[in-house]
Undergrad: 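There's a structure below that I have some questions on.
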Protein chains: 2
Amino acid sequence: MKDSKPVPDIVIGRLPIYLRALTHLLEEGQEVTSSKEMAERLGISSAQIRKDLSHFGEFGKQGMGYNIAHLRDQIRRILQVDRIWSVAVVGAGDLGHAIVQYGGFEGRGFRVACVFDNNPEKIGLRLGKFEICDVAEMPERLKEMGIAVAIVAVPAGAAQTVVDALVKGGVQAILNYAPITVTVPPEVRMQYIDPVTHLQRMTYYL
Amino acid sequence: MKDSKPVPDIVIGRLPIYLRALTHLLEEGQEVTSSKEMAERLGISSAQIRKDLSHFGEFGKQGMGYNIAHLRDQIRRILQVDRIWSVAVVGAGDLGHAIVQYGGFEGRGFRVACVFDNNPEKIGLRLGKFEICDVAEMPERLKEMGIAVAIVAVPAGAAQTVVDALVKGGVQAILNYAPITVTVPPEVRMQYIDPVTHLQRMTYYL
DNA sequence: TAGATTGTTAATCGATTAACAATC
DNA sequence: TAGATTGTTAATCGATTAACAATC
């Protein structure tokens, strides 16, 4: 941690993997780990793990390794998941349902705060503990609630319109499950999940 | 396409994105595109698109660009998604339900062929058009059906056991939704989807 | 022909790895 | 002290980009 250059995004992308592994080790009751042990678990080189962490500070002790709870807390802080982010979910289909019901956000920095859909037959119904809201009112609702993070679970054809409305509502980070690349202003972060692209990446090798 | 070195995996990872964009352009009725147009749509440089494609052949015409249907067919062939892969889904919870009901596999090279769970109360029940099978019988069933691709949608604690059983059943490509890094033999391909890691990658910048 | 765009080369840029002094 | 492991440097490796001849 000596230069002022931005940390490469590829490094940022590995921090959540480290965090997940540390949490897992902690649940197993372990207190200390090493870059070597992490490397074996994750299939990443130990040098890379040390180099990645060195962008942010010195978290280990020579000869001793890393205190797991401490390193976890540091990475949480770096990633800003030492707080809870309210997340809007757009799309109340099967996937939206699975996302809203998913118990895995708790404890990792996120909480679903509201659900939107554009289908008049769904608006007003309950999904888990939420009442499904009209996407038409989304921008205002997002602003009111101060929501910065959203998950898009709508068909590809609706994704760009939904994303535009999210941006209008002040959302700055969007996870898009719709299988289409959307356009956003440069200040908005996008991430994509399309299971088919992951599968296609593997069939090449079969 | 002149050397015999393996094509970098990072290039393989972009082909499904190109394929998705080409299919989209075709649906819009367009017949020809250029590396420049694709680049603008995808937020990738045109040089990179041309270089990626050049690993596999010459698919365009100078001054004219690419015939979309032709390039799409070529990428489908390269990725081996010019056939239909039968996919096993493990885990019949909300996520497994969403995956089985998802209509987006059709036309992109995949079809859900069977569903497994370890919960005796679920085994034998229907999920969509499938009867939920016992994971205990999974390895034999996979071999019988000749299944090479699987999707894991079980809790983290069960993932390694499930993956071991899939490998035993001859599966060679696994898409894991459980938020844990698993160990597989080197000949088995793994891909991961953990929405929380994607979200955490974005909150760093907020 | 003139304009456009490919496929490819070489240069640049960035990421990973190997190695080791520092030190717990 | 001896052994282990960090944090960091320099070397290696690989990926991206710029540029342009080829050519449709």
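Since this is a predicted model, take the numbers as computed values, not measurements. All chains are named by letter (A, B, ...) in the order of the sequence lines, taking the proteins before the strands, and each is independently numbered beginning at 1. Only this structure's heavy atoms are used, side chains among them; waters, hydrogens and symmetry mates stay out.
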Undergrad: What is the distance from atom CD1 of B/I68 to atom CG of B/L25, rounded to the nearest 0.5 Å?
TA: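 Nearest 0.5 Å value for the CD1-CG distance: 4.5 Å.
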
Undergrad: How many Å lie between CZ on A/F56 and C1' on D/dG7, as a whole number?
TA: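 Going from A/F56 (CZ) to D/dG7 (C1'), I get 15 Å.
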
Undergrad: C/dG7 P sits how many Å from B/F59 CZ, rounded?
TA: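 The distance from CZ of B/F59 to P of C/dG7 comes to 8 Å, rounded to the nearest Å.
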
Undergrad: Do B/D194 and B/Y177 have side-chain N/O donor and acceptor atoms under 3.5 Å apart?
TA: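 Absent: no donor and acceptor within the cut-off.
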
Undergrad: What does D/dT16 pair with, Watson-Crick or G-U, if both distances are under 3.5 Å?
TA: C/dA11

Undergrad: If I take atom CE in residue A/M64 and atom P in nucleotide D/dT5, what distance separates them, rounded to the nearest angstrom?
TA: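 Result: 9 Å.
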
Undergrad: When you check every protein heavy atom under 4.0 Å of nucleotides 11-21 of chain D, what one-letter string (B, S, -) results, 5' to 3'?
TA: ----SSBBB--

Undergrad: Taking atom types as modelled and ignoring hydrogens, do the side chains of A/D52 and A/Q48 form a donor-acceptor contact shorter than 3.5 angstrom?
TA: no

Undergrad: In whole angstrom, what separates A/Q74's CD from D/dG7's P?
TA: 12 Å

Undergrad: Once you round it to whole Å, what is the distance between C1' of C/dA22 and CD of A/E58?
TA: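 To the nearest whole Å, that distance equals 11 Å.
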
Undergrad: Using a cut-off of strictly less than 4.0 Å between a heavy atom of the residue and any atom of DNA chain C, enumerate the qualifying residues of residues 32-43 of chain A by number.
TA: none

Undergrad: Do you know which of A/L71, A/T23, A/I44 makes side-chain contact (heavy atoms from CB on, under 4.5 Å) with A/Y18?
TA: A/I44

Undergrad: Within the structure, does a side-chain N or O atom of B/Y66 lie under 4.0 Å from either OP1 or OP2 of C/dG7?
TA: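 Answer is yes, contact under 4.0 Å.
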
Undergrad: So if I apply the side-chain contact (heavy atoms from CB on, under 4.5 Å) rule between B/Y204 and each of A/V11, A/D9, A/I12, which one comes out positive?
TA: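 Of the listed residues A/V11, A/D9, A/I12, the side-chain contact (heavy atoms from CB on, under 4.5 Å) partner of B/Y204 is A/I12.
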
Undergrad: Honestly, is B/R189 close enough over A/Y205, meaning NZ or CZ under 6.0 Å from the six-membered ring centre and within 45° of the axis?
TA: yes

Undergrad: Give none if D/dT23 has no partner; otherwise give the nucleotide forming a Watson-Crick or G-U wobble pair with it, both distances under 3.5 Å.
TA: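 In the structure as shown, D/dT23 has C/dA4 as its Watson-Crick or wobble partner.
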
Undergrad: Is it true that, when you exclude B/E140 itself, more than 12 heavy atoms of the residues, nucleotides or ligands shown sit nearer than 6.0 Å to its CD?
TA: yes

Undergrad: Do we see a donor-acceptor contact under 3.5 Å between the side chains of A/R20 and B/T181?
TA: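 Per modelled atom types, A/R20 and B/T181 side chains form a pair under 3.5 Å.
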
Undergrad: Report yes if the side chains of A/S86 and A/M145 come closer than 4.5 Å at any heavy-atom pair, otherwise no.
TA: no

